[in-house]
2 protein chains.
Amino acid sequence: MQTVSNALNAPHRLRPDTLQRVTRSIELLNYRPNRNARSLRTSAVELIGYCVPSWPHGQVHLVMDQFLHALCTSAESSGRHILLFTAPVGVEGMPVYEDLHARRLVDGFVLSQTETHDPRHAWLKEQQIPFVSFGRVWEESTQPGPWVDVDGAGGCATAVQHLYDTGRRRIGFLSWPQTSGLAENRLSGWRARCGELGLPNHDELAVRCRADTIDEGARSTAELLDADPAIDAIVAISDILALGALRELGRRGLVAGVDVAVTGFDDSPLASVVSPALTSIRQPMDEIAGELIDILTTPDPKGPTERLLQPELVVRGSSAPG
Amino acid sequence: MQTVSNALNAPHRLRPDTLQRVTRSIELLNYRPNRNARSLRTSAVELIGYCVPSWPHGQVHLVMDQFLHALCTSAESSGRHILLFTAPVGVEGMPVYEDLHARRLVDGFVLSQTETHDPRHAWLKEQQIPFVSFGRVWEESTQPGPWVDVDGAGGCATAVQHLYDTGRRRIGFLSWPQTSGLAENRLSGWRARCGELGLPNHDELAVRCRADTIDEGARSTAELLDADPAIDAIVAISDILALGALRELGRRGLVAGVDVAVTGFDDSPLASVVSPALTSIRQPMDEIAGELIDILTTPDPKGPTERLLQPELVVRGSSAPG
DNA sequence: CTGAAAGCGCTTACAG
DNA sequence: CTGAAAGCGCTTACAG
């Protein structure tokens, strides 16, 4: 019994011949250890909680399936799995998190859809419930708990650089409302790189869209082009807004990628499904998931527990040089 | 101890005053029963396995987040949760399912992304592993195991009826390749209802798209309109193809919803994000999830374990009468 | 209706 | 390196 347990959990303790003998029997009998008994004894369930976001109508999360798949894969490579649950947004949802942890359905949580001033992080930290966040809360003070995020400013700077390198000299920006730390971060990358390259980067070149919809992207693009017809490129803060830009260009008889270059953000499946295909800033989902699981499952992580990853510009026809 | 257990699991066995006394103490002590101990004893983990689909590049599953959210909510209302895992597609993935069940990480599975001739159903049934399928395998013979599906033929017939009622008389159909049972089913709904209404429904009016992309939808729409310029409506088998149809109409200077009406399938978030918004056939996700969980968690379901649900046509500008 | 007892299937010190 | 024993925290017949 306990030799079998050792063979499974600490094979180095056994003599090679014993190990082989036991392993053979395990296979012969098709023995599979009961995970509940193990969890009861070790008080580790090897399950990680993830709250499935519920989106307000019309909101699209085009890369959630990619993220979930990456998260699952990473969890599995560490012998764990993802447990899905729902909870009210914000601090109202915290009792759900607490209950799942108290009843030992999960060891800890991966937070995503992190909002600016998200209250969950401080709450979980105070309760000493293990978690790691995908995304920052954008507080002045140090963020509670470990996090992984993508360098949105860097990504947008890379997009600007790419547009500059392919001959663009007047680059607009489609943003979200000012209350979002994420939006300000991405916008700052555009502003900074344009400044470094000697390109115009005044506020009139950055339009705030009211919602993340194709209509808003189109409307804002029209606003941008009406105010400044010399614009020859647009960096959009999301693929959806970029799709709106493409539509407005088409409506005006302008050719995307020729007359005006367009880039999006997220490299969602839609990017390669439109024509011309959309140049977009890809978040490295596999890497993000790997870091999240690593931080959450390593008792004493060697590296920092605040990790900023670089996105990757995927160039397609909407910004092709010719 | 066991009175507490009774209070939690069989409160009717206790005298009201005792129950109240115990309940009060439970709350005072903030006691939360350990789920692993319970599962070990009852050998039910109250976890349902769901395999996260991994999509070939460019493939979009625009309603997966809706489905997952609905599934989670239904599972939770029966005291259960969803455990996510990954597995190779087809029969190669079955050892993963078997292992999860053997080690008692899950009680059973919800299958989705069901393919025509999907081998998983027969395999699980033979292994006596509990499961329920969202979607049919489209075999001649009786399908192994319980399933829930949406009446695609009925949905397309409803779309045709709606178009007829709003004055359309020549309705094209954008389909997928012939090898898909799902596609044939939806197509048959268009064919049947057109026939009943005395509208043309010959094969030339149904174009097979080679892929589920906007480009293919646009190309096929062009093909359709070139061959028969009198077409005044198009029923698309997916929202993505419908988006392609909208694009092609725009390219030709035709106004969607006025010159040519267009309907999609799935009522994905994209449907309400384009302009004109897309009329689409909505799969009742909450109901689907409810039935799936009901069948899987009821030892002896009262109703049939093969349930066909009716989709709902959501009418928007792309098919508005005026 | 309530209390003492066994046991679910593991893991882990502890002897041999 | 291997074997007998305790115990993780519940549930569930079984007595009182």
Side-chain angles (χ1 to χ4, degrees), chain A residues 1-49 78-81 83 98-108 128-130 297 299, chain B residues 1-49 78-81 83 98-108 128-130 297 299:
Chain A
M1 176 85 262
Q2 57 289 40
T3 307
V4 174
S5 185
N6 276 331
L8 254 23
N9 300 311
H12 59 273
R13 289 194 196 156
L14 303 195
R15 252 194 338 241
D17 62 317
T18 314
L19 179 57
Q20 205 194 337
R21 197 155 42 88
V22 173
T23 307
R24 228 182 86 78
S25 294
I26 287 174
E27 279 176 17
L28 234 53
L29 297 166
N30 196 25
Y31 168 74
R32 238 70 67 80
N34 181 307
R35 183 59 145 278
N36 298 307
R38 177 180 216 279
S39 294
L40 177 57
R41 189 60 238 253
T42 64
S43 75
V45 280
E46 323 229 290
L47 248 35
I48 295 163
S78 80
R80 293 173 176 80
H81 287 276
L83 181 140
E98 200 272 333
D99 194 56
L100 287 169
H101 184 256
R103 286 154 63 203
R104 309 289 19 241
L105 267 86
V106 302
D107 295 324
Q128 303 197 49
I129 297 173
T297 60
Chain B
M1 175 85 262
Q2 56 289 42
T3 308
V4 175
S5 185
N6 276 331
L8 255 21
N9 300 311
H12 59 272
R13 289 195 196 156
L14 303 195
R15 252 193 338 241
D17 62 317
T18 314
L19 179 58
Q20 204 194 339
R21 198 156 40 87
V22 174
T23 306
R24 227 182 86 78
S25 294
I26 286 174
E27 279 176 15
L28 235 52
L29 298 166
N30 196 24
Y31 168 74
R32 238 71 68 76
N34 181 308
R35 184 59 146 279
N36 298 306
R38 177 180 215 279
S39 294
L40 177 58
R41 189 59 237 252
T42 63
S43 75
V45 281
E46 322 229 291
L47 249 32
I48 295 163
S78 79
R80 293 172 177 80
H81 287 275
L83 181 140
E98 200 272 333
D99 193 57
L100 286 169
H101 184 256
R103 287 155 61 202
R104 310 284 26 239
L105 267 85
V106 301
D107 295 325
Q128 302 197 48
I129 296 172
T297 60

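Order of the sequence lines sets the chain letters (A, B, ...), proteins ahead of strands, with each chain counted from 1. Quick note: numbers below take in every heavy atom, side chains included, and nothing from hydrogens, waters or symmetry partners.
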With sequence neighbours excluded, what pairs up with [X] under the salt bridge (charged side-chain N to carboxylate O under 4.0 Å, His left out) test?
X: B:R15; answer: B:D17
X: B:R80; answer: none
X: B:R103; answer: B:D99

List for me each residue that meets side chain to side chain contact (heavy atoms under 4.5 Å, CB included) alongside [X], sequence neighbours excluded, and say none if there are none.
X: A:R41; value: none
X: A:T42; value: A:R38, A:A44
X: A:S5; value: A:N9
X: B:T23; value: B:L19, B:E27

With sequence neighbours excluded, tell me which residues meet side-chain hydrogen bond (donor to acceptor under 3.5 Å, both in side chains) with A:Q20.
none

A:N34: which residues meet the side-chain hydrogen bond (donor to acceptor under 3.5 Å, both in side chains) condition with it, sequence neighbours left out?
none

Both B:T42 and A:R41 contact DNA chain C. Taking the nearest nucleotide for each, which residue is further toward the 5' end?
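Mapping each residue to its closest nucleotide by heavy atoms, the 5'-most match is B:T42.
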
The residue, A:R38 or B:P16, whose nearest nucleotide of DNA chain C is more 5′ is B:P16

For DNA chain C, the expected dot-bracket line (Watson-Crick or G-U under 3.5 Å, [ ] crossing, | inter-strand) is |||.||||||||.|||

Need two values: the first and the last nucleotide of DNA chain C, 5' to 3', having an atom under 4.0 Å from any heavy-atom of chain A.
C:dG9 to C:dT12

Taking A:R35 as the fixed residue, which of B:V106, B:L47, B:L105, B:L40 is the one that meets the side-chain contact (heavy atoms from CB on, under 4.5 Å) rule?
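Running side-chain contact (heavy atoms from CB on, under 4.5 Å) over B:V106, B:L47, B:L105, B:L40 with A:R35 returns exactly one hit, B:L105.
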
With a 4.0 Å cut-off on heavy atoms, is A:S43 in touch with a base, just the backbone sugar-phosphate, or nothing at all?
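The answer is nothing, as A:S43 stays clear of every strand by at least 4.0 Å.
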
Any base atoms under 4.0 Å from A:S39, or only sugar-phosphate, or nothing? Heavy atoms, all strands.
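The residue A:S39 makes no contact with any strand.
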
Can you list, in residue-number order, the parts of residues 26-36 of chain B that come under 4.0 Å of DNA chain D, counting heavy atoms only?
B:Y31, B:R32, B:P33, B:N34

